[in-house]
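Okay, here's the structure, questions in a sec.
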2 protein chains.
Amino acid sequence: MTPDAVAPDQSTGLTRRQGIALWRQIQHTLEAEIADGRHKPGARLPTEAELSARFAVNRHTVRRAMEELQGRGLVRIEQGRGSFVAEDVVDYRLGPRTRFSENIRAQNREPAGRILRIAEVPAEAGLAEALGIRRGRAVVLVERLALADGRPVVIGTHHFPAARFPQLPELLAQNPSITAALAACGVPDYRRRVTRITARLPTPEEADLLQQSRSRPVLVTEAVNTDPAGAVVDVTQSRYAAGRVQLVVES
Amino acid sequence: MTPDAVAPDQSTGLTRRQGIALWRQIQHTLEAEIADGRHKPGARLPTEAELSARFAVNRHTVRRAMEELQGRGLVRIEQGRGSFVAEDVVDYRLGPRTRFSENIRAQNREPAGRILRIAEVPAEAGLAEALGIRRGRAVVLVERLALADGRPVVIGTHHFPAARFPQLPELLAQNPSITAALAACGVPDYRRRVTRITARLPTPEEADLLQQSRSRPVLVTEAVNTDPAGAVVDVTQSRYAAGRVQLVVES
DNA sequence: GAGCATTTGTGCGTATGTATG
DNA sequence: ACATACATACGCACAAATGCT
């Protein structure tokens, strides 16, 4: 009965016994579907069982195609959760002139920011030392969510010496740009001295703000910025959504 | 009956009603025990229940002391697992002259390395482009576990163009130093161009090799090294044990 | 996956000590 | 002497995360 199929099957779109492995055809089909936006970045793909039903093949065949796609970085397979279309990763360059907006615009994306919290708190030991002030002195704490093309990218917690920047809270309430606010305070330029990078799992709030799974890590950086005279302007801890951001260091 | 205790209790070492909060005394006791090595870095501390029995106080009181210790960065508390003495973090400097051994020695630690695998494999698309060779050409793949003071720090997967470094496998079999092997191949110096940094959860094998929990992330870096002439010498993917390492970028 | 033991996290109620006015 | 406020400490119960079977 079953005659050799020389034309693509009506319902599955696959051709058998034509020298092109079924898994390759499936791979190409999915590749095309991802490319033309039928599966959007970050979205969940159908389960292997669903795909094997759709293409009328064994699950192993689908897996072979998926492994290839994962190898090419187009999808990400998570045991027990499913498969997901890879998200386009934002390259975030770390250097002496690191500025969020410039960084994001250099990737042809639209930067945005939202202030989450502004408060004045006493400096605890470690922070006071880094800022070069005495322990217990007031620091302006600014927490900010930064986005690229509307997608959350990083939560930044900035610490400024309150004595030097008393108007900072008001300025930021009007315009969430840190660079602009500092310029208005008489710091037209600042320079990043060191960045320390670690990673950990996010707190529930962080996962929520960054709109990512609780089991995906965050990249944590701690940066120290100084003004041209060398005085410390701020100490910032940032938490980046790993998987949506790649920190790039050029030497 | 119960008289005011002016002297420390015989079994617990705590004094009540003497103006020093019990939780502070517990905090100081544990701090001293960590400092003199009775609890070693990375080791698990007694459970809150055990500590509250030992000090004959309520669990809340112990918790308060532990929170303070966590705030000072001396311990790390993990729900459902226990509390652990903080490990000393290795600062790993990223720069143009990044070398594992030098980096570790600069921290007064003893570097070591173990080759896990040496193989010759064809270059897949992305790698071939980065190395500046044609797709499918042979690359020498070297997988190496690097340690500081005997503790695993990073797994590195190096990719060298096989055509240029044919003797590399033999050399590394004798001496696990990459720098030394390259020098013997006529590359006395190399320079790191870019480093891309992301984070993810480790595979079971990675967690095993790095001797860390499956739920602690790894920092993943991808680096490109060039010789003085600008030719790409190797492309390396490294997986660092987050929590034992901090990547440091100085600008 | 379900079930279980272990361990930390959280909430509530209560009592006592200490400092202030 | 009294009221108030705050930190300390205890007891109990349950929630949530983890690891193991």
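What you see is a predicted model, and the numbers here were worked out from it, not measured in a lab. Below, chains carry the letters A, B, ... as their sequence lines are ordered, and counting in each starts from 1.
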* **Residue closer to the 5' end of DNA chain D, Ala56(B) versus Gly80(B) (nearest nucleotide)** =>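 Going by which nucleotide is closer to the 5' end, it is Ala56(B).
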
* Asked: In a check of side-chain hydrogen bond (donor to acceptor under 3.5 Å, both in side chains) between Thr236(A) and each of Arg144(A), Glu222(A), His158(A), which one passes?
  -> His158(A)

* Asked: When the distance from CZ of Arg59(B) to C1' of dA9(D) is rounded to whole Å, what number comes out?
  -> 14 Å

* Asked: Counting only side-chain N and O atoms of Thr61(B), is one of them less than 4.0 Å from OP1 or OP2 of dC10(D)?
  ->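 For dC10(D), OP1 or OP2 has a side-chain N or O of Thr61(B) closer than 4.0 Å.
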
* **Residue closer to the 5' end of DNA chain D, Asn58(B) versus Arg81(B) (nearest nucleotide)** => Asn58(B)

* **Test item: Val218(B) and Arg200(B) side chains (from C-beta on) under 4.5 Å apart, heavy atoms** => yes

* Structure fact -> As its Watson-Crick or G-U partner within any shown strand, both distances under 3.5 Å, dG11(D) has dC12(C)

* To do: Would you mind reporting whether Val90(A) and Tyr240(A) have side-chain heavy atoms less than 4.5 Å apart?
  =>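 A side-chain contact is absent here, since even the closest heavy-atom pair is not under 4.5 Å.
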
* Asked: Does CZ belonging to Arg93(A) count more than 12 external heavy atoms closer than 6.0 Å?
  ->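 No - once you tally the heavy atoms of other residues, nucleotides and ligands closer than 6.0 Å, there are 12 at most.
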
* Structure fact -> From CE of Met66(B) across to P of dT7(C) the rounded distance in Å is 13 Å

* **Interatomic distance where CD belongs to Gln70(B) and P belongs to dG9(C) [whole Å]** => 7 Å

* Do His60(B) and dG9(C) have a side chain to base donor-acceptor pair shorter than 3.5 Å? ->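 For His60(B), whose side chain was compared with the base of dG9(C), there is no donor-acceptor pair (under 3.5 Å).
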
* What integer distance in Å separates Leu22(B):CG from dC10(D):P? -> 6 Å

* Establish, with yes or no, whether the OP1 or OP2 oxygen of dG9(C) is under 4.0 angstrom from a side-chain nitrogen or oxygen of Arg63(B). =>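 For Arg63(B), the contact criterion (side-chain N or O under 4.0 Å from OP1 or OP2 of dG9(C)) is met.
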
* Asked: Counting only heavy atoms not in Arg114(B), do more than 12 sit closer than 6.0 Å to its CZ atom?
  -> no

* Asked: CD of Gln79(B) versus C1' of dG19(D): gap in Å, rounded?
  ->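 Computing the Gln79(B):CD to dG19(D):C1' distance gives 14 Å.
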
* To do: For Arg24(B), report the nucleic acid contact type (base, sugar-phosphate, nothing); a contact means any heavy atom under 4.0 Å.
  =>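 It contacts nothing in the nucleic acid.
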
* To do: Mind calculating the distance between CG (Leu45(B)) and P (dT7(C)) to the nearest angstrom?
  =>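 Going from Leu45(B) (CG) to dT7(C) (P), I get 13 Å.
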
* To do: Round to a whole Å and report the spacing from CD of Gln27(B) to C1' of dA9(D).
  =>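 Roughly 17 Å, once rounded to whole Å.
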
* Within this structure, what is the CD-to-C1' distance between Glu48(B) and dA15(D), rounded to whole angstrom? -> 14 Å

